[in-house]
Every structure is written in C-alpha cells, then in structure tokens.
Amino acid sequence: MQRRGAKISATDAGGSVVLTVTENPTEYMGIVQIRRKESVETLMEILGPIEGAPTTEHRFSVTLQEEFLFSQDVPVLDVVIRGKRAYALGMPGISTYELRGESWTLTGAERLPVREASSREPRGFLYFGIDSGTAYLPGEMCRYSALDGKGWSCENYGATMPVRSVSPEALAGKKLPPWFSAAQIGPEETTKVLVTGQDGLARLYEDGPDPVATFPGWGSEIASVQSGCGSDWQLLVSGKNDWTGTDSVQALELPERQAKPVSSTLELAGAVIALHSLATRTADDALAGTSAVAVIRNLKTGRYDAYRIAITCPN
C-alpha cells in the first residue's frame, strides 16, 4: 500500500482498511478497500503466483455467436424482443423495430413523459405484459395500460430496479453491496445469484444472506443463459475495459464455486453498455432464455449497437 502512495497515520483519521486475499488457479490476488467517511477506494493487485500451480490449457466447450440487431444514435438501455418486433428503451423513450427479411427496421418512436432529465447512470429495464408496459429509468418508473387508453405516465421510483433474469425472491434477504448487474443461474430450488459490485468484486450467493465466493477482475455487466450445453447454464461476463476502449464477452460456469471459462472471448467493437437476458424469469418462451442481448457503444461510429449473443454446443 505504501508503494501505491498510501500514508499510514498514528492518529484516528476516521477511516478503515479491509484487505481481502483471493486466488485463481495460478495466482494470488489482493483487494484493498480503503473506507473513508465520504468515499470508498478499491485497489487490486496480483500478489504473486501460487507455487506448484499447474498451468492448464483451457478447453472451451461452447461457442459464442453474435447477431447484429440494430443501431441508433441515442443510448439503448434495454431491449425486448417479441416475435418479429423489438423494443429499445432509450434516454428517455422507446423505439420500435420490425424484422423485415433479415434486418430490423425502425418503425416508430415514442417519448416517455419523464419528470426529470436522465443525467444519472444510464440503466434501464423494460417489461411488457399482455395489455400493459412498464419502463424503469434511474429514479423513475413509467407505465401504461391499453385498457384505459391514457398512454404512458411516469412517477418517482426509489426502489431497486428489477433484473430480467433474477426473481425478487432470490435477492430478498441478501447482504448486497452497491451493485451494477445481477444474474440468476439454475432452477429455483437450487438457484445461485451473482452480483457485480461497484467495488470491483463479483459475489456469489446461494441460500444464505452472505456471499459464498467472490471473483475479482470481471466487468460490470453479466447475464445468465440456459443453453443446454455443459452444466445447462452459463454466465456471460463482460470484460474489464472502461467505456473508452473495445470490450469483450465470455461464457463462464461455476463448478464448486469456482469461475471456469467455457468459451473463448467474443471481441466487440466498443464498450459493453448493457448485457441482459432476453427473457424474464417467469417467461413462457423457453427459447428466449437461450440467448442474451448486448448493447455496445461503437468506437468507430459513436452509435449504440444492439446484438443478440447466443451459445452453441459442440458437435
């Protein structure tokens, strides 16, 4: 810590230091969390190799495939695909696309009557029922009902934003840090929940309220996919790059609470802004749960590109 510029004081400065040591199959990783009254700083550094650790060659068991959907100038926060229609939640409005031939064509756009400017962190969630729709934006919730014909209306919303692939019951009672993204793996009776924290650590939860494992070095966006390959479920994880560089997505499995890569990295043309499962946890469409949608900020065009990412099993 002193090599990183930290100074140790004998007086009580109102702060604390928490050191966590974790490991992957070949290296030890140290995570130092410096907690002050007004801020929390996290430092991560490789401490050194594990003596005698085997150098294993990864044998990837699944393949990631990307399918370009559409691109637009305004940020895309979430995408819902219903048959041959796709709905993109933006800042702040909803764009509608239709699949015509092999390409998605913009057919309409509707602005949401939000109460305040969307200057906060760009995150969103879009849900459609049979005769209703709900859009969640930072600090607001907008909804409409086809039965009353009044269109969209928005109100303040201070609760946790829903996550498409995670049931509310799975998150209930968990000791969660401030987090970016969450994903749920496995059937309800043996479910596992993963959360990417704002401190740079991903956490795995099972039955109890406390995490049973932590994983450094992941990106902030994750999504679960039930592909039927391998252990049946995989976790898609974005890379660690920030929004100024290109990014990637990789599939992992979690045998014995260890993160095991099961695909090569899928390189993308920009930073991953959002990575979401396509189906809600209770969706009747089983096929929708076999892929995810990724939104990237294309570094060459500056536009927001939406892709469907699917997992294919080996022959």
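In this structure, E66 and V249 have side chains that are not in contact, with every pair of non-hydrogen atoms separated by 4.5 Å or more. The shortest distance between side-chain heavy atoms of V166 and L171 falls below 4.5 Å. Considering only heavy atoms from C-beta on, V262 stays 4.5 Å or farther from I311 through its side chain. Proximity of F215 to V237: side-chain heavy atoms (C-beta onward) are nowhere separated by under 4.5 Å. Residues D210 and K175 have side chains in contact (heavy-atom distance under 4.5 Å, counting atoms from C-beta outward). Taking the side chain as every heavy atom from C-beta outward, L99 and I81 never approach each other to under 4.5 Å. No side-chain heavy atom of R308 sits less than 4.5 Å from a side-chain heavy atom of V293. For the pair S181 and L275, the minimum side-chain heavy-atom distance is 4.5 Å or more.
In terms of heavy atoms, V193 sits closest to A170 at CG2-CB, 3.7 Å. Shortest non-hydrogen contact noted between P113 and S153 is CG-CA, 4.2 Å. Considering all non-hydrogen atoms of both residues, W218 and A202 come closest at CE3-CB, 3.3 Å. Minimum interatomic distance between A183 and S165 (heavy atoms only, all atoms of both residues): CA-OG, 3.9 Å. Taking each heavy atom of T312 and C229 in turn, the nearest pair found is C-SG, 3.9 Å. The two residues R297 and G302 come nearest to each other via the heavy atoms NE-O, 3.0 Å.
Side chain of S277 to main chain of S224: a donor-acceptor pair is present (N/O by atom type, distance under 3.5 Å, no hydrogens or angles). Not one N or O on the side chain of K240 forms a donor-acceptor pair closer than 3.5 Å with the backbone of S220. Here the side chain of Y157 pairs a donor or acceptor atom with the backbone of T160 at under 3.5 angstrom. For T196 (side chain) and E221 (main-chain N/O), no donor-acceptor pair under 3.5 Å exists by modelled atom type. Side-chain N or O atoms of E155 include none that pairs as donor or acceptor with a backbone N or O of M141 at under 3.5 Å. Side chain of T265 to backbone of E267: no donor-acceptor contact under 3.5 angstrom is found.
Between atom CG of residue L89 and atom CZ of residue F125 there is a gap of 10.0 Å, rounded to the nearest 0.5 Å. Taken from CD in E206 to CZ in R257, the straight-line distance is 4.0 Å, to the nearest 0.5 Å. Distance check: D247 CG to L268 CG gives 6.5 Å after rounding to the nearest 0.5 Å. Atom CG of L126 and atom CD1 of I94 lie 5.0 Å apart (nearest 0.5 Å). For the atom pair CD1 (I185) and CD1 (I222), the distance works out to 8.0 Å, reported to the nearest 0.5 Å. Summarising the geometry, atom OG belonging to S263 is positioned 11.5 Å from atom CD belonging to Q65; distances are rounded to the nearest 0.5 Å.
Y97 and F70 have parallel rings, their planes meeting at less than 30° on a 0 to 90° scale where 60° marks the start of perpendicular. Note: F128 and Y87 have tilted aromatic rings, judged against thresholds of 30 and 60 degrees for the angle between ring planes.
A donor-acceptor pair shorter than 3.5 Å can be found between the side chains of S71 and R303. Using modelled atom types, one finds no donor on one side chain facing an acceptor on the other under 3.5 Å when comparing T96 with E98.
Legend: residues meeting side-chain hydrogen bond (donor to acceptor under 3.5 Å, both in side chains) with D78, ordered by chain and number and at least two apart, are R164, H276.
For the side-chain hydrogen bond (donor to acceptor under 3.5 Å, both in side chains) with E253, the lone residue among Q234, K260, Q258 that qualifies is Q234.
The hydrophobic cluster containing L77 does not contain V74, counting ILVMFWY residues as joined when their side-chain heavy atoms lie under 4.5 angstrom apart, directly or transitively.
The environment of R85 atom CZ is sparse: at most 12 non-hydrogen atoms of other residues, nucleotides or ligands sit within 6.0 angstrom. Within a 6.0 Å sphere centred on CZ of R143, heavy atoms belonging to other residues, nucleotides or ligands number 12 at most.
Every pair passing ring-ring contact (aromatic ring centres under 6.0 Å, His included) that includes a residue from residues 295-315 is listed here, sequence neighbours excluded: F68-Y307.
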